[in-house]
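In what follows, a structure is listed as structure tokens, so that the remarks can point back to it.
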Amino acid sequence: MKKGRLFYLDFVRTFAVFLILLTHYNVHFLFYFMEPQRPENAIVTLYPFNIYVGNLGVSLFFIVSGAALMYVYKETCNLKEFYKKRFFSIYPMFWIAYFAVFLYFFYRLKHMVYLGVPKENFILTILGIDGYLRDVIPSTYYLVGEWFLGCIILMYLLFPLLRKLVLSHPWATASVSAVLYVLFAFFEWFPNFASSKIIFVRIPELLFGMLFLLKIKKVHLGLAFCSMGILIGNSVLKPEISANFQTTYVGILFFLVLAYCAQWLDRGIIREICHTVSKYSYAIFLVHHTIVDELTSTFPMEELNRSERYLLFIFYVCLTGIAAWLLYHLHDNLMKWLGRARTSH
């Protein structure tokens, strides 16, 4: 029987979507796109609670993923069904988005993208890990998905094992995870591959989400108050400690605060908005980066005043929403058509 939705997970996921959209808009005021950079022109925030806004958004996504997976698969997890469902939830929409963006750039550039890239490297794109491995294998056909997609694919591959370990030996699993986390989060073993992308650095966030669903379940005022106090302290004191470590505990603490707030916001229009954003979140993730890059390339970003910067962000969010809606329903209709074709034979 299909389980009902948990509002607090939709609420946190919606917040994470907003942070990711904000991140890839604000980055156009930094040195990657603008010299000299103008961080003061970024809207809302660049460093909430003393960590980069994009790191916070990603951390929330990993935590929500852990909680959502454990919610669905707490009682049973048939490996064949699990991997089949994960495959169809990730790859068809990713391939459709990639093909659409590929055609767009072919039309705009008037030639194929990534001329000269070894054709055998296209397998990385088919597998959805071209963005994840881009720093170590720069010659790829990467267009959509970013590093996050490759990392979440690895998490899905590991989830059945982690689920089994968490259910049977939760403290031992957490301890081993903590040791691996320290080894990889505080040391850069691979100069060309950021430690923040290493799976062992992100597993604690996934595990926390799983354990939250199993052990905590509901955030009370005291826990939310303490979490918010630490977040405020981190903002004021700005400790000069590992960015990976700050991302982990800030992400967890902010998740707790949001989960508490969700108890008081679970009503009417807010529920519908969060459910809708959650429904289209993967499609949003696949299309937003191309849209913001192309949109901002047509505006004199260094000349926009405050009102214009906010208006452009709203325009970008609207375009992303439209594109995500189209992608989601194109994928949905295609899957239904394939299903009918399969059953008819």
Side-chain angles (χ1 to χ4, degrees), residues 6-20 22-23 26 39 42-68 70 148 151 166 170-171 173-187 194-198 200-266 274:
L6 296 177
F7 172 73
Y8 74 87
L9 293 184
D10 283 345
F11 180 69
V12 177
R13 188 182 288 110
T14 297
F15 216 97
V17 168
F18 170 75
L19 292 178
I20 295 302
L22 183 66
T23 298
N26 278 341
I43 66 171
V44 186
T45 182
L46 267 177
Y47 294 96
F49 312 119
N50 199 45
I51 67 170
Y52 183 54
V53 61
N55 293 343
L56 180 57
V58 168
S59 182
L60 291 177
F61 265 123
F62 287 143
I63 295 169
V64 168
S65 295
M70 184 57 81
F148 175 84
C151 196
V166 165
W171 293 112
T173 303
S175 298
V176 172
S177 172
V179 171
L180 291 172
Y181 174 82
V182 170
L183 288 175
F184 288 95
F186 291 88
F187 303 95
S195 59
S196 60
K197 300 178 183 179
I198 295 174
F200 297 120
V201 177
R202 311 315 308 224
I203 287 295
E205 293 158 327
L206 187 78
L207 284 178
F208 175 79
M210 296 166 67
L211 291 169
F212 178 88
L213 193 285
L214 286 174
K215 306 294 184 180
I216 302 175
K217 299 179 182 179
K218 184 178 181 180
V219 180
H220 297 286
L221 177 60
L223 181 57
F225 184 80
C226 291
S227 298
M228 195 66 228
I230 297 172
L231 290 174
I232 293 173
N234 214 67
S235 302
V236 174
L237 299 177
K238 301 185 186 306
E240 296 183 5
I241 55 179
S242 167
N244 287 328
F245 184 51
Q246 287 195 70
T247 296
T248 302
Y249 71 74
V250 167
I252 289 172
L253 293 172
F254 194 47
F255 172 87
L256 293 173
V257 171
L258 292 177
Y260 175 77
C261 294
Q263 300 174 47
W264 306 98
L265 298 173
D266 185 7
C274 293

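The shortest heavy-atom contact between N244 and S195 is ND2-OG, 2.7 Å. Of all heavy-atom pairs between P48 and T45, the closest is N-OG1, 3.5 Å. Here the shortest heavy-atom pairing between F245 and I241 reads CD2-CD1, 3.9 Å. Heavy-atom minimum distance, P239 versus Y249: CG-OH, 3.9 Å. Taking every heavy atom of both residues into account, A224 and V257 meet most closely at O-CG2, 3.9 Å. Contact between G57 and A16 at its shortest, heavy atoms only, is O-CB, 3.7 Å.
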* Quick one: do N50 and V250 satisfy side-chain contact (heavy atoms from CB on, under 4.5 Å)? Show the steps, please. => CA-CA 9 Å; N50 199 45; V250 167; over 6 Å; no
* To do: Assess whether side-chain contact (heavy atoms from CB on, under 4.5 Å) is satisfied between Y52 and L46, documenting all intermediate values.
  => CA-CA 6 Å; Y52 183 54; L46 267 177; 4.1 Å; yes
* Asked: Passes side-chain contact (heavy atoms from CB on, under 4.5 Å), I216 versus L211? Steps please.
  -> CA-CA 7 Å; I216 302 175; L211 291 169; over 6 Å; no
* Walk me through it: do N234 and L253 pass the test side-chain contact (heavy atoms from CB on, under 4.5 Å)? => CA-CA 11 Å; N234 214 67; L253 293 172; over 6 Å; no
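Of the inter-residue distances, the one linking I252 atom CD1 with S59 atom OG reads 6.5 Å to the nearest 0.5 angstrom. Here the straight-line distance linking atom CG of L207 with atom CZ of F62 works out to 12.5 Å at 0.5 Å rounding. Taking CZ from F254 and CG from L231, the interatomic distance works out to 7.5 Å, rounded to the nearest 0.5 Å. Taking CE of M228 as the start and OG of S235 as the end, the distance is 7.0 Å to the nearest 0.5 Å. For the atom pair L180 CG and I203 CD1, the distance stands at 9.5 Å (nearest 0.5 Å). Taking CG of L256 as the start and OH of Y8 as the end, the distance is 10.5 Å to the nearest 0.5 Å.
Side-chain atoms of Y181 and T248 include a donor-acceptor pair closer than 3.5 Å.
Using modelled atom types, no side-chain atom of E205 and backbone atom of V58 make a donor-acceptor pair closer than 3.5 Å. Side-chain atoms of Q263 come within 3.5 Å of backbone atoms of V219 as a donor-acceptor pair (strictly under, hydrogens ignored). A donor-acceptor pair under 3.5 Å links the side-chain atoms of R202 to the main chain of S196, judged by distance alone. Put simply, the side chain of K215 never gets that close to the backbone of F212: no donor and acceptor are under 3.5 Å apart. Between the N26 side chain and the I43 main chain, a donor and an acceptor come within less than 3.5 Å of each other. With hydrogens and angles disregarded, a donor-acceptor distance shorter than 3.5 Å links the side chain of T14 to the backbone of D10.
Under the ring-ring contact (aromatic ring centres under 6.0 Å, His included) rule, F61 has a single partner from F255, F148, F18, which is F148. Screening L9, V166, L6 for a side chain to side chain contact (heavy atoms under 4.5 Å, CB included) involving L213 leaves a single residue, L6.
For the pair L60/L19, a side-chain contact is recorded, criterion being any heavy-atom separation below 4.5 Å from C-beta on. Side-chain contact check for F200 versus L183: every heavy-atom pair is 4.5 Å or farther apart.
Within 6.0 Å of CZ on F186 lie more than 12 heavy atoms contributed by other residues, nucleotides or ligands.
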